[in-house]
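This structure is a prediction, so every number in the text was calculated from the model and none was measured. Here is the naming used below: chain letters follow the sequence lines, and residue numbers restart at 1 for every chain.
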Protein chains: 2
Amino acid sequence: MKKEFRSGCPISSTLDIVGDKWSLLIIRDMLLKHKKTFKDISDSDERIAPSILSARLKLLESYHLISKTKIPENKKENIYLLTQKGIRLTPIIIELSLWGDANMREFTKIDDIEGLNSDKATIIQSVQDSYNAMLLNFQ
Amino acid sequence: MKKEFRSGCPISSTLDIVGDKWSLLIIRDMLLKHKKTFKDISDSDERIAPSILSARLKLLESYHLISKTKIPENKKENIYLLTQKGIRLTPIIIELSLWGDANMREFTKIDDIEGLNSDKATIIQSVQDSYNAMLLNFQ
DNA sequence: ACTTTTGCTTTCAATTCGATAGCAAAAATA
DNA sequence: TATTTTTGCTATCGAATTGAAAGCAAAAGT
């Protein structure tokens, strides 16, 4: 696992972790769709290859953005959950969504997402609250 | 130039344009440091290779995030400027910066950036205002 | 007992990246 | 005017990364 950073710039360092083709889509699925297992995340519209998903989950775990556990009822399935550090990526995810919604329609069909017309701070808060509420089920 | 999008998700589509290793760093330099020429942007701390910078500028121009012009005083230099669509990426850049500043110090040395302790909306507005003011010099 | 599901790993070809060199036109300098 | 430097790239080519497909062992379901 490479842990090198291009510079001391916070933007650059953030991108060195989540600035690849897949990480933020994995986090989107966990955060907005409450996906928790390898299978759940594999089944996205964008079809991530298992080798890449496996590598990305390990990297995100190594940077404490997600945690990996099991539940007693199921010895096979791993449960991946966002940590608070991962949950704090919510504003980035929401801004990417808002920008795409407002600026990409001239180049490709963009799905209509409901709830994007509220105030930014409200959207972010409700996404985070909802994820945190779900987390309570996993002690 | 490939123009394929993985899905209709606005997050995914945004990442299909700026979700590579370099685009958002190029935009950071243009937006925050008011860099305008190939040379200016080449001289960043992260050392982007000219072949990659060339390819990325073309792609960003094709998606109308930047424009390419010349000034009458200099027949050689190209001037790259952010369009309003590009300037609207400011919230994403600021959120990446804030997240890195607050969450990456456990893994790497992060430069202290001044002005990050103001209110988010204020930071975003002042970055955009400053860039727009600079743009007035280029008709 | 068997079939299916899950969470991966392995393989390997294709694509992308990126360091270096090179180059023509323009600008700066002598 | 002649020469040097700068600028904005492009070309090359080895290295790294990606990704489609297959494989597999353990657990779960039937």
* Phosphate contact (C:dC8 OP1 or OP2) by A:Asn78 side-chain N/O below 4.0 Å -> yes
* Asked: At under 4.0 Å, does any side-chain N or O of A:Ser54 touch on OP1 or OP2 of C:dC8?
  -> no
* How many Å lie between CD1 on B:Ile52 and C1' on D:dT12, as a whole number? -> 14 Å
* Given side chains that start at C-beta, do those of B:Pro50 and B:Phe38 come closer than 4.5 Å, heavy atoms only? -> yes
* Answer whether the closest heavy-atom distance between the side chains of B:Arg6 and A:Asp45 falls below 4.5 Å. => no
* According to a strict under-4.0 Å criterion, is A:Trp22 in side-chain N/O contact with OP1 or OP2 of D:dT18? -> no
* Structure fact -> A:Leu57 atom CG is separated from C:dG7 atom C1', nearest whole Å, by 10 Å
* Are OP1 or OP2 of C:dT9 and a side-chain N or O of A:Lys58 less than 4.0 angstrom apart? -> yes
* Structure fact -> Separation of D:dA25 atom C1' from A:Glu77 atom CD, nearest Å, is 16 Å
* So what does B:Ser42 hit on the nucleic acid, given a heavy-atom distance under 4.0 Å: a base, only sugar-phosphate, or nothing? -> nothing
* Protein-nucleotide distance (B:Asp16, atom CG; C:dT16, atom C1'), rounded to Å -> 15 Å
* Short N-O contact, A:Asp29 and A:Lys35, less than 4.0 angstrom -> yes
* Can you check the B:Phe38 CZ to D:dC9 P distance for me, whole Å? -> 6 Å
* Asked: Out of C:dA19, D:dG19, D:dC9, which nucleotide sits closest to the side chain of B:Ala49?
  -> C:dA19
* Asked: Which sits closer to the 5' end of DNA chain D, A:Arg56 or A:Asn74, going by the nucleotide each is nearest to?
  -> A:Arg56
* **Test item: B:Phe5 and B:Ile17 side chains (from C-beta on) under 4.5 Å apart, heavy atoms** => yes
* Round to a whole Å and report the spacing from CZ of B:Arg47 to P of C:dT20. => 9 Å
* Asked: Can you check the A:Ile26 CD1 to D:dG19 C1' distance for me, whole Å?
  -> 14 Å
* Structure fact -> Among C:dC8, D:dC9, C:dG7, the one nearest any side-chain atom of B:Lys68 is D:dC9
* Would you say C:dC8 has OP1 or OP2 under 4.0 Å from some side-chain N or O of A:Lys76? -> no
* **Criterion side chain to side chain donor-acceptor pair (under 3.5 Å) on B:Gln128 and B:Asn132, from CA distance to verdict** => CA-CA 6 Å; B:Gln128 291 180 328; B:Asn132 276 312; over 6 Å; no
* Within this structure, what is the CG-to-C1' distance between B:Asp43 and D:dT7, rounded to whole angstrom? -> 11 Å
